[in-house]
Amino acid sequence: MEKFNKLTAVAAPMPLVNIDTDMIIPKQFLKTIQRAGLGKNLFAEMRYDNDGNEKEDFVLNQPAYRNAEILIAGDNFGCGSSREHAPWALLDFGIRCVISTSFADIFHNNCFRNGILPIEVSPEELEKLMEDAERGANATISIDLEAQEIRGPDGGVIHFEVEQFNKHCLLTGLDEIGLTLKKENKVAEYEESRKLQQPWL
């Protein structure tokens with residue numbers, strides 16, 4: 001997966017709480033196992049009307065946020081079913097970081113496995129970031145994963161916590177398969193020794 005170290009980008013404000021995975025990527029788009037192409041269906045039921053036309057009032061349809069790479073969202077983001085298509089759709093749209101006060105556990109883990117950084121902040125910090133994001137393309141937010149800092153457009157700094165294993169994976173661009181392949185030689189050595197010790201297997 002793509003490495004994540006530093007990101008400076010427009011942040012889109014989405015103050016709704018309990019945004020579930022069916023809102024992120026509705027069930028009718030889950031027939032594919034391809035990660036590419038889902039971005040156009042991200043938040044489909046909120047982005048488009050019944051005729052497939054964009055709703056002008058939806059945040060990601062507004063000119064200032066069409067290229068947003070950060071999402072500032074309400075509490076309990078990613079709840080609902082455990083579909084991995086949700087982070088796939090966010091990433092395909094271009095979202096690399098989601099900031100909220102809390103995330104559903106499975107969605108939270110799926111983000112790290114797909115190169116998206118989910119950041120938990122306090123309600124007061126989220127309110128300030130939401131205000132910053134509402135300023136549109138004139139105000140960008142910077143994320144520094146190594147330093148574990150969010151820097152607002154006015155220079156304010158918010159420190160965030162991240163589990164060190166997940167941090168390492170994002171900084172190096174290694175998912176679970178990539179981490180295993182880093183130990184390919186040891187795996188091969190084990191398989192050879194097992195054949196000698198248990199040749200009947």
Side-chain angles (χ1 to χ4, degrees), residues 1-9 11-12 14 17-21 24-25 30 33-36 38-39 42 68-126 128-129 140-152 156-194:
M1 63 186 179
E2 185 179 350
K3 294 179 181 180
F4 189 115
N5 189 348
K6 295 181 180 179
L7 173 67
T8 298
M14 192 172 288
V17 299
N18 301 321
I19 294 177
D20 64 27
T21 52
I24 297 171
I25 182 71
L30 304 185
I33 57 171
Q34 299 295 322
R35 301 185 185 198
L38 289 171
L42 178 69
E69 296 180 61
I70 301 169
L71 195 62
I72 313 294
D75 192 53
N76 198 30
F77 190 86
C79 56
S81 62
S82 59
R83 62 190 65 167
E84 196 166 2
H85 292 69
W88 291 357
L90 287 164
L91 191 62
D92 192 61
F93 179 86
I95 301 295
R96 297 296 316 278
C97 177
V98 182
I99 303 174
S100 178
T101 50
S102 69
F103 296 90
D105 286 344
I106 295 175
F107 175 82
H108 183 265
N109 292 332
N110 282 339
C111 280
F112 282 109
R113 293 187 181 112
N114 288 280
I116 296 173
L117 174 61
I119 299 176
E120 291 189 26
V121 295
S122 70
E124 295 76 21
E125 291 167 336
L126 187 76
K128 178 62 174 71
L129 290 168
T140 58
I141 291 174
S142 297
I143 312 292
D144 186 332
L145 177 56
E146 183 67 53
Q148 297 178 208
E149 291 179 347
I150 305 168
R151 191 172 298 274
V157 177
I158 295 171
H159 182 81
F160 63 89
E161 298 299 323
V162 60
E163 198 275 327
Q164 290 304 300
F165 174 77
N166 289 329
K167 178 179 179 179
H168 170 75
C169 289
L170 281 182
L171 287 172
T172 57
L174 294 172
D175 59 14
E176 291 170 337
I177 295 173
L179 288 168
T180 301
L181 290 175
K182 292 282 284 185
K183 299 181 179 180
E184 190 173 6
N185 290 340
K186 290 186 178 180
V187 172
E189 288 174 7
Y190 168 78
E191 290 295 335
E192 287 301 317
S193 66
R194 192 177 66 88

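In what follows, residues are counted from 1 in the order of the sequence shown. Worth knowing before you read on, the calculation uses all heavy atoms, side chains too, and leaves out hydrogens, waters and symmetry mates.
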Any Lys/Arg nitrogen of Arg113 or Glu84 sitting under 4.0 Å from an Asp/Glu carboxylate oxygen of the other? no
Give, for atom CG of Leu7 and atom CD1 of Ile143, the distance between the pair rounded to the nearest 0.5 Å. 6.5 Å
Over 60° means perpendicular and under 30° means parallel, so classify the ring planes of Phe112 and His108, tilted if in between. perpendicular
Regarding Ser102 and Asn76, is there a side-chain donor-to-acceptor distance under 3.5 Å anywhere? no
Can you tell me if Asp105 has over 12 outside heavy atoms packed within less than 6.0 Å of its CG? no
Closest approach of Glu120 and Phe160, non-hydrogen atoms and distance? O-CB, 4.3 Å
Is Asp144 close to Ser142 at the side-chain level, that is, under 4.5 Å between some pair of heavy atoms? no
Donor-acceptor pair between Ser81 and Thr21 side chains, under 3.5 angstrom: yes
Locate the shortest heavy-atom distance separating Gly115 from Leu170; write the atom from each residue and the value. CA-CD2, 3.6 Å
For Ile119 against Cys97, the heavy-atom pair lying closest together: CD1-SG, 3.7 Å
Show, in sequence, the C-alpha distance, side-chain angles and deciding distance for Ile24 and Leu90, and conclude whether the side chain to side chain contact (heavy atoms under 4.5 Å, CB included) test is met. CA-CA 8 Å; Ile24 297 171; Leu90 287 164; 4.2 Å; yes
So do Leu145 and Lys167 actually touch side chain to side chain, heavy atoms under 4.5 Å? yes
Any residue meeting side chain to side chain contact (heavy atoms under 4.5 Å, CB included) with Glu163, in chain and number order, not counting sequence neighbours: Phe165, Asn166
Heavy-atom closest contact (Leu38 atom, His85 atom, distance): CD1-CD2, 3.9 Å
Determine whether Leu171 and Phe4 make a side-chain contact, defined as any pair of heavy atoms from C-beta on separated by less than 4.5 Å. no
Student check: side-chain heavy atoms of Ile72 and Phe77 closer than 4.5 Å: no
How many angstroms lie between atom OG of Ser82 and atom CG of Asn109, to the nearest 0.5 angstrom? 11.0 Å
Tightest non-hydrogen contact, residues Ile25 and Arg83, listed as O-NH1, 2.8 Å
Mind checking whether Val121 and Ile150 have side chains closer than 4.5 Å, heavy atoms only? yes
For the CG atom of Asp92 and the CG atom of Asn114, what is their distance to the nearest 0.5 Å? 11.5 Å
Compare all side-chain heavy atoms of Ile19 with those of Met14 and state whether any distance is below 4.5 angstrom. yes
May I ask you to check whether over 12 heavy atoms, not counting those of Leu30, lie within 6.0 Å of atom CG? yes
